[in-house]
Undergrad: 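If you scroll down you'll find the structure; I have some questions about it.
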Amino acid sequence: EKGYTADLTFKAEKGAHLKFEATLFYIHYNNRIGQILQANVPPLYLDYRLRTNVSASRNMGIESFVAYDLNHLLNWKSFNWTTYANMSFINARYFNSKDAAIDGNQVEMVPPVVLRFGSKIQKNNWKVGAQYNYTAKHYSDATNAEFTSSAIEGVIPAYQVLDISASYKFNKFLSLAGSCTNVLNETYFTRRAQSYPGPGIIPAQPRLFFLTLGVTL
């Protein structure tokens with residue numbers, strides 16, 4: 001496979017309270033290596049995954065990041081409150097394929113939309129933060145199969161995850177930090193495995209709690 005990439009980045013800052021960055025990009029592949037779903041020989045015609053040069057593909061989109069210091073807006077003196085957002089919008093497609101079942105399909109493992117929003121508040125020795133993540137529906141193979149009996153190929157549904165964290169610094173030697181991942185206890189998965197620990201869908205982590213005691217010597 002071979003190809004080329006091109007990107008254009010714009011950055012802006014306003015004082016110390018606003019930062020913005022956006023990147024437009026284009027990625028072109030010839031003979032992209034990917035995975036397609038094939039039917040085996042009769043009489044069973046069992047599905048199997050074939051890794052091969054699928055077709056030409058192109059990924060184009062925009063990725064942006066913005067961070068804002070809310071203290072500038074609220075004029076708070078005792079708090080330090082910042083918020084940020086990271087957003088990606090990608091259109092990734094196969095084209096000029098000899099296989100009509102693949103031409104125009106979405107490139108596998110490329111979510112068309114990924115959103116991350118977060119906020120952090122700090123007051124004296126306290127620090128609290130939260131982050132929300134959203135990933136749109138996408139596919140695990142070039143044929144864009146929605147479902148297979150083996151669960152090795154198929155769609156990866158959209159999912160969202162919320163994480164929170166907090167910490168307190170008692171002094172310059174002792175600190176305590178805690179966090180909770182997947183606060184909403186969402187049931188989701190991000191990949192399908194062909195072998196260990198599969199085959200099939202690999203579930204993501206459920207709600208987890210962490211507590212850390214830090215000592216600086």
Undergrad: Among Lys19, Lys120, Arg116, Gln131, whose side chain to side chain donor-acceptor pair (under 3.5 Å) with Tyr84 holds?
TA: Gln131
Undergrad: Has Asn105 got a side-chain atom pairing as donor or acceptor with Tyr94's backbone, closer than 3.5 angstrom?
TA: no
Undergrad: Could you check whether Glu146 pairs with Lys137 (Lys NZ or Arg NE/NH1/NH2 to Asp/Glu carboxylate O, under 4.0 Å)?
TA: yes
Undergrad: Any donor-acceptor pair under 3.5 Å linking the side chain of Arg58 with the backbone of Tyr26?
TA: no
Undergrad: Between Gly200 and Ile152, which heavy-atom pair has the shortest distance, and what is it?
TA: N-CG1, 4.1 Å
Undergrad: Are the side chain of Ser140 and the backbone of Met109 linked by a donor-acceptor contact shorter than 3.5 Å?
TA: no
Undergrad: How would you list all residue pairs meeting salt bridge (Lys or Arg N to Asp or Glu O under 4.0 Å) that involve residues 149-168, not counting sequence neighbours?
TA: Arg49-Glu153
Undergrad: Can you name the nearest heavy-atom pair linking Val54 to Ala142, along with the distance?
TA: CG1-CB, 4.0 Å
Undergrad: Examine distances only and state if a side-chain atom of Gln122 and a backbone atom of Asn80 form a donor-acceptor pair shorter than 3.5 Å.
TA: no
Undergrad: In a table with atom names and distances, give each donor-acceptor pair under 3.5 Å that connects a side chain of residues 173-182 to protein atoms at least two apart or in another chain.
TA:
| residue | atom | partner | partner atom | Å |
| --- | --- | --- | --- | --- |
| Asn182 | OD1 | Asn185 | N | 3.3 |
| Asn182 | OD1 | Glu186 | N | 2.8 |
| Asn182 | ND2 | Glu186 | O | 3.1 |
| Asn182 | ND2 | Gln205 | O | 3.1 |

Undergrad: Can Gln160 and Tyr188 be counted as having a side-chain donor-acceptor contact under 3.5 angstrom?
TA: no
Undergrad: On the 0 to 90° scale, with breaks at 30° and 60°, tag the His17-Tyr68 ring pair as parallel, tilted or perpendicular.
TA: perpendicular
Undergrad: Looking at Asp103 and Asn96, would you say the former's side chain and the latter's main chain have a donor-acceptor pair under 3.5 Å?
TA: yes
Undergrad: Could you please spell out the steps behind the side chain to side chain contact (heavy atoms under 4.5 Å, CB included) verdict for Phe189 and Ile202?
TA: CA-CA 6 Å; Phe189 63 95; Ile202 307 301; 5.8 Å; no
Undergrad: Please check if the number of heavy atoms outside Tyr29 that lie under 6.0 Å from its OH is greater than 12.
TA: no
